[in-house]
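See below for the structure under consideration.
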Amino acid sequence: MSAQPDVESSSASDAHEGGFRPTFDVSTERGGPNYGKFVGQVREFMDRVRAALPSAELTDELLADLKSMNAKLVDFETDEWTSPSGTRIDLPARGNITLPPYDIVDAGPDGVDATITFTRFNLGGNGAAHGGFVALLFDDLGGMAAALNIEGICRTAYLKIDYRSLTPLNSELAVRCWVDRVEGRKVYVRGTLHEGDRLCAEMDALFIKLKPGQP
Ligand SMILES: CCCCCCCC(=O)SCCNC(=O)CCNC(=O)[C@H](O)C(C)(C)COP(=O)(O)OP(=O)(O)OC[C@H]1O[C@@H](n2cnc3c(N)ncnc32)[C@H](O)[C@@H]1OP(=O)(O)O
């Protein structure tokens with residue numbers, strides 16, 4: 001990653017943050033130095049679960065292991081603004097396990113360039129990525145492009161995806177999102193997803209700049 005959005009200045013005292021992001025102190029330390037490896041293992045587990053046909057015995061064994069692991073995390077719950085899963089800007093997709101693990105190549109007011117490799121967890125059907133994951137990718141990176149362009153916090157009003165050709169798994173794809181135009185609080189954002197020269201999907205979205213205090 002060579003660039004990440006600068007959200008360091010966000011604070012609870014900035015009325016424009018509203019309820020959407022009252023405080024968002026970025027961090028590369030929460031969860032410790034191995035947090036990225038931890039998220040990687042979580043992602044690998046989701047891939048393996050999606051791909052596996054476990055024996056009944058293995059299902060029972062893993063069920064017990066998972067219960068044990070979940071119990072360990074119970075006492076460490078925190079809010080969304082301080083969870084490393086979402087605020088670790090040194091990790092793919094800010095360490096947010098909800099998101100496909102994109103890597104930012106470049107990000108600024110002119111747009112956001114990223115790479116993404118969808119894996120088995122992202123399978124839709126017959127070897128292709130699920131369209132919902134493509135939309136999720138565009139929503140997050142489109143929102144980032146809008147926020148960096150207007151230097152404000154936005155929410156998605158609409159998100160239209162045109163699926164132009166199959167989006168493959170296990171192949172590095174290039175995604176780009178940029179602001180097409182701004183009309184008052186309305187930020188129109190476009191996006192593309194390519195495998196090499198082949199266009200997989202396009203995005204046309206509207207993000208609305210939040211008013212002071214708007215959730
Ligand atoms: C870096 C991390 C990035 C993360 C990005 C993640 C983004 C998200 O996923 S956010 C979650 C999904 N989105 C939501 O939950 C939003 C739910 N909706 C809302 O909160 C509100 O409807 C909201 C904020 C979008 C707009 O409400 P509000 O602020 O009252 O604005 P409102 O006055 O209705 O509309 C403003 C303008 O936008 C237009 N507009 C609003 N929605 C739409 C729409 N769906 N289609 C077209 N135009 C619209 C209005 O017509 C109006 O236009 P004009 O100024 O010309 O009259």
Side-chain angles (χ1 to χ4, degrees), residues 1-12 14-28 30 36 39 78-116 118 122 129-162 174-193 201-215:
M1 269 183 303
S2 64
Q4 281 287 354
D6 177 14
V7 289
E8 196 91 49
S9 58
S10 301
S11 75
D14 183 346
H16 285 281
E17 299 302 321
F20 184 85
R21 195 185 306 178
T23 305
F24 185 11
D25 293 324
V26 298
S27 164
T28 57
R30 292 189 189 114
V39 169
T78 187
D79 60 50
E80 66 182 284
W81 317 107
T82 49
S83 166
S85 184
T87 62
R88 278 288 299 258
I89 60 163
D90 56 319
L91 302 177
R94 304 184 298 280
N96 185 343
I97 60 167
T98 311
L99 299 172
Y102 60 72
D103 279 308
I104 299 291
V105 176
D106 196 20
D110 292 337
V112 175
D113 284 286
T115 57
I116 179 67
F118 289 111
N122 306 119
H130 196 296
F133 284 114
V134 173
L136 176 59
L137 176 76
F138 274 131
D139 192 20
D140 201 70
L141 292 175
M144 190 186 295
L148 288 171
N149 184 274
I150 66 160
E151 296 184 353
I153 302 300
C154 304
R155 274 203 189 274
T156 322
Y158 70 69
L159 183 79
K160 175 175 175 281
I161 310 295
D162 286 305
V175 54
R176 173 158 175 74
C177 294
W178 67 95
V179 171
D180 184 54
R181 65 189 191 282
V182 179
E183 296 174 4
R185 294 170 58 221
K186 295 186 285 190
V187 186
Y188 293 88
V189 182
R190 306 281 303 278
T192 54
L193 179 69
E202 287 181 288
M203 174 194 70
D204 169 12
L206 173 63
F207 292 84
I208 305 292
K209 182 178 181 178
L210 295 182
K211 292 178 277 194
Q214 189 171 359

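Order of appearance sets the numbers: ligands from 1, and atoms from 1 within every ligand.
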> Atom CZ of Arg94 and atom CE of Met144: how far apart are they, to the nearest 0.5 Å?
Replying inline: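 Going from the CZ atom of Arg94 to the CE atom of Met144 covers 5.0 Å.
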> Any side-chain heavy atom of Arg190 within less than 4.5 Å of one from Phe138?
Replying inline: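 Result no, sub-4.5 Å side-chain heavy-atom pair not found.
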N/O of [X] under 3.5 Å from N/O of ligand 1, yes or no?
{"X": "Arg185", "answer": "yes"}
{"X": "Thr156", "answer": "yes"}
{"X": "Asp140", "answer": "no"}

Could you pull out all donor-acceptor pairs under 3.5 Å where a side-chain atom in residues 175-182 meets a protein atom, sequence neighbours excluded?
{"from": "Arg176", "atom 1": "NH1", "to": "Asp113", "atom 2": "OD2", "distance (Å)": "2.9"}
{"from": "Arg176", "atom 1": "NH2", "to": "Asp110", "atom 2": "O", "distance (Å)": "3.2"}
{"from": "Arg181", "atom 1": "NE", "to": "Glu183", "atom 2": "OE2", "distance (Å)": "3.0"}

> Which one of Lys186, Gln214, Lys211 has a non-hydrogen atom at the shortest distance from atom 24 (C) of ligand 1?
Replying inline: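 Selected option, by shortest heavy-atom distance: Gln214.
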> What is the minimum heavy-atom distance between Ala93 and Pro101, and which atoms define it?
Replying inline: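 Reported closest heavy-atom pair: CB-CA, 4.0 Å.
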>> So if I count the atoms of ligand 1 from 1 in the order they appear, which ones are less than 4.0 Å from some heavy atom of Ile208?
In response: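 With Ile208 as reference, the close atoms of ligand 1 come out as 25 (C), 38 (O).
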>> Under a 4.0 angstrom heavy-atom cut-off, which atoms of ligand 1 come close to Tyr158?
In response: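 Going through ligand 1 atom by atom, the ones under 4.0 Å from Tyr158 are 44 (C), 46 (N), 47 (C).
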>> Taking side-chain contact (heavy atoms from CB on, under 4.5 Å) as the definition, give me every residue that meets it alongside Thr98, ordered by chain and number, with sequence neighbours left out.
In response: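 Here the qualifying residues are Asn96.
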